[in-house]
There are 2 protein chains.
Amino acid sequence: MQAESSFKVACSNCNLRELCLPIGLSTDEMKQLDGMVATRKKVKQGGHLYSSGDPFTTLYAIRTGFFKTCVVSEDGREQVTGFQMAGEIMGLDGIVSDKHNCHAIALEDAEVCVMPFNHVEDLSREIPMLQRHVHKIMSREIVRENGVMMLLANMRAEERLAAFLLNLLQRLHARGYSKSELILRMTREEIGSYLGMKLETVSRTFSKFSEDGIIEVKQKNIRILDHEKLKTIFNASIC
Amino acid sequence: MQAESSFKVACSNCNLRELCLPIGLSTDEMKQLDGMVATRKKVKQGGHLYSSGDPFTTLYAIRTGFFKTCVVSEDGREQVTGFQMAGEIMGLDGIVSDKHNCHAIALEDAEVCVMPFNHVEDLSREIPMLQRHVHKIMSREIVRENGVMMLLANMRAEERLAAFLLNLLQRLHARGYSKSELILRMTREEIGSYLGMKLETVSRTFSKFSEDGIIEVKQKNIRILDHEKLKTIFNASIC
DNA sequence: ATGACTTCTTGATGCAAATCAAACGCTGTC
DNA sequence: GACAGCGTTTGATTTGCATCAAGAAGTCAT
């Protein structure tokens with residue numbers, strides 16, 4: 001399912017360096033960082049980068065591809081806790097108990113940079129800028145999850161889906177993609193799990209948006225026709 | 001609303017040192033930590049330790065008292081994102097953008113240790129054990145929020161309240177309190193906000209548990225009569 | 001104590017989304 | 001090109017919780 005590629009990899013000439021861990025580092029510091037990425041690892045679509053319960057030793061930075069993370073309850077219910085794309089860091093859930101708390105599954109063929117957490121910590125002690133950045137990444141994840149809690153506890157189906165689409169668009173835009181078009185890498189069921197609704201409701205809500213001329217849905221291809229209206233749905237809810 | 005007390009404070013003889021930041025440090029290291037807590041700060045019931053938008057400069061460790069944290073959406077909806085008790089660390093949400101992302105409000109008169117984040121980072125670079133511990137605290141918060149997402153997205157009202165009570169009991173127990181009795185510091189509305197349900201539903205669910213002989217409810221005083229049944233409700237849900 | 005206010009409980013009704021069900025459209029395989 | 005299998009759409013019905021409403025209980029200030 002997975003293959004290790006051991007040719008030399010370097011943050012300093014990675015095209016994601018403005019999004020990923022090296023953000024804000026000087027050229028010298030980035031050279032130091034190059035040693036942090038031990039190897040790269042490919043994960044095929046459907047493959048697990050790690051599974052819940054696996055021993056935690058490394059963080060991963062996504063180079064290419066798209067992932068979902070999900071936790072599974074004792075009685076087998078699955079909850080998608082996030083979708084991750086290029087430049088984002090995975091594995092933070094494992095630090096607290098030295099084993100992973102969720103599954104990380106590739107939604108398309110992917111490649112990640114393997115960053116042994118010991119190296120990250122060692123380097124963090126030498127490069128204050130890196131230390132700060134690691135803290136920011138963890139804090140960002142906490143804040144993101146706060147937002148998801150708000151969404152799950154307070155919003156209605158249409159608001160949730162609007163919030164979801166806007167979030168994806170914004171992150172894709174930061175990576176150079178269009179603001180008015182996207183391809184969903186996940187199924188309706190996975191979207192529903194993340195948003196706390198059933199796949200039928202996701203599908204119905206897409207159809208509703210489509211009827212209202214807000215988006216155009218062709219399977220996994222979404223075209224945004226009325227970005228403003230989407231924003232209005234997202235935060236005007238109770239009018 | 002708040003007063004600063006500037007007498008010397010020390011982690012090394014704090015009765016919370018087994019729960020709080022110093023966990024796992026040697027005596028020498030803990031001595032170094034003593035310098036980290038700049039001051040202590042008292043917050044009266046209802047007072048804000050910090051508010052959303054405030055500049056972030058310090059973390060706080062709760063010495064006494066009980067807090068809630070909540071985010072507020074643009075259209076004014078409030079979402080309680082957590083309840084914090086003695087030994088727990090607050091303020092992590094502020095690191096990512098150098099300003100706080102939520103309100104921290106005391107639910108009873110409280111006292112916190114003020115730990116300037118710069119100090120925490122400086123010391124973390126000198127004491128690997130502290131560095132690791134800071135990482136673990138942030139990771140724990142991420143994992144906790146994963147659990148809340150599961151709860152909000154997948155569980156029914158009874159399960160949510162059971163999960164909530166069990167979580168409080170477990171944390172209070174770790175602080176030496178009874179496993180079969182607790183006093184709720186928050187209102188039904190605040191519980192509801194945290195659990196994604198209305199205060200009436202919280203009240204009704206308490207009444208239901210009471211009728212079923214699982215708990216005894218006297219206002220904010222809860223006595224657990226059948227701990228096992230509570231656990232069954234929590235994770236057997238779909239039977 | 002008295003009255004004002006907040007919090008909590010309980011009942012009646014309504015609704016958004018879940019559930020159940022069936023058909024349709026892709027994708028890939030032999 | 002036919003078939004199987006998965007993902008998606010759409011419709012009919014049910015349901016858990018929200019909403020609306022009113023009163024009870026507790027808290028606080030005077």
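Note that the structure is a prediction, hence the values are computed from the model and not measured. Numbered from 1 within each chain, the chains take letters A, B, ... in sequence-line order.
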Nucleotide [N], atom [atom2] - distance to [atom1] of [X] in whole Å:
{"X": "B:Gln45", "N": "D:dC28", "atom1": "CD", "atom2": "C1'", "answer": "12 Å"}
{"X": "B:Asn221", "N": "C:dC8", "atom1": "CG", "atom2": "P", "answer": "12 Å"}
{"X": "B:Glu189", "N": "C:dT7", "atom1": "CD", "atom2": "P", "answer": "8 Å"}
{"X": "A:Leu161", "N": "C:dA17", "atom1": "CG", "atom2": "P", "answer": "11 Å"}

**Report entry** Presence of B:Ser207 side-chain N/O under 4.0 Å of C:dT9 phosphate oxygens OP1/OP2
**Finding:**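 Answer is no, no contact under 4.0 Å.
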Query raised in the report: Has A:Lys220 got a side-chain N or O lying under 4.0 Å from the OP1 or OP2 atom of D:dT8?
Result: yes
Requested in this report: Can you figure out which of C:dC8, D:dC17, D:dG7 approaches the side chain of B:Arg156 most closely?
Outcome: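 Closest nucleotide among those given: D:dC17.
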Report task. Ignoring the backbone of A:Arg188, work out which of C:dT9, D:dT19, D:dT9 is nearest its side chain. Result ->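 Among C:dT9, D:dT19, D:dT9, the one nearest the side chain of A:Arg188 is D:dT9.
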Identify, with sequence neighbours excluded, every residue that meets salt bridge (charged side-chain N to carboxylate O under 4.0 Å, His left out) alongside [X].
{"X": "A:Glu228", "value": "A:Lys231"}
{"X": "B:Asp98", "value": "A:Arg132, A:Lys136"}
{"X": "B:Glu200", "value": "none"}

Report summary line: Sorted by chain and residue number, the ring-ring contact (aromatic ring centres under 6.0 Å, His included) partners of B:Phe117 (sequence neighbours excluded) come out as A:His135, B:Phe56
Query raised in the report: How would you list, by chain and number, every residue that makes a ring-ring contact (aromatic ring centres under 6.0 Å, His included) with B:Phe67, sequence neighbours excluded?
Result: none
Requested in this report: Determine the contact category for B:Thr187: base if any of its heavy atoms lies under 4.0 Å from a base atom, sugar-phosphate if only primed atoms, P, OP1 or OP2 are that close, otherwise nothing.
Outcome: sugar-phosphate
Report task. Would you check if the side chain of A:Arg185 reaches a backbone N or O of A:Phe66 as a donor-acceptor pair within less than 3.5 Å? Result -> no
With the criterion being N/O to N/O and under 3.5 Å, what pairs connect the protein with nucleotides 20-27 of chain D, and how long is each?
{"from": "D:dC20", "atom 1": "N4", "to": "B:Glu200", "atom 2": "OE2", "distance (Å)": "3.3"}

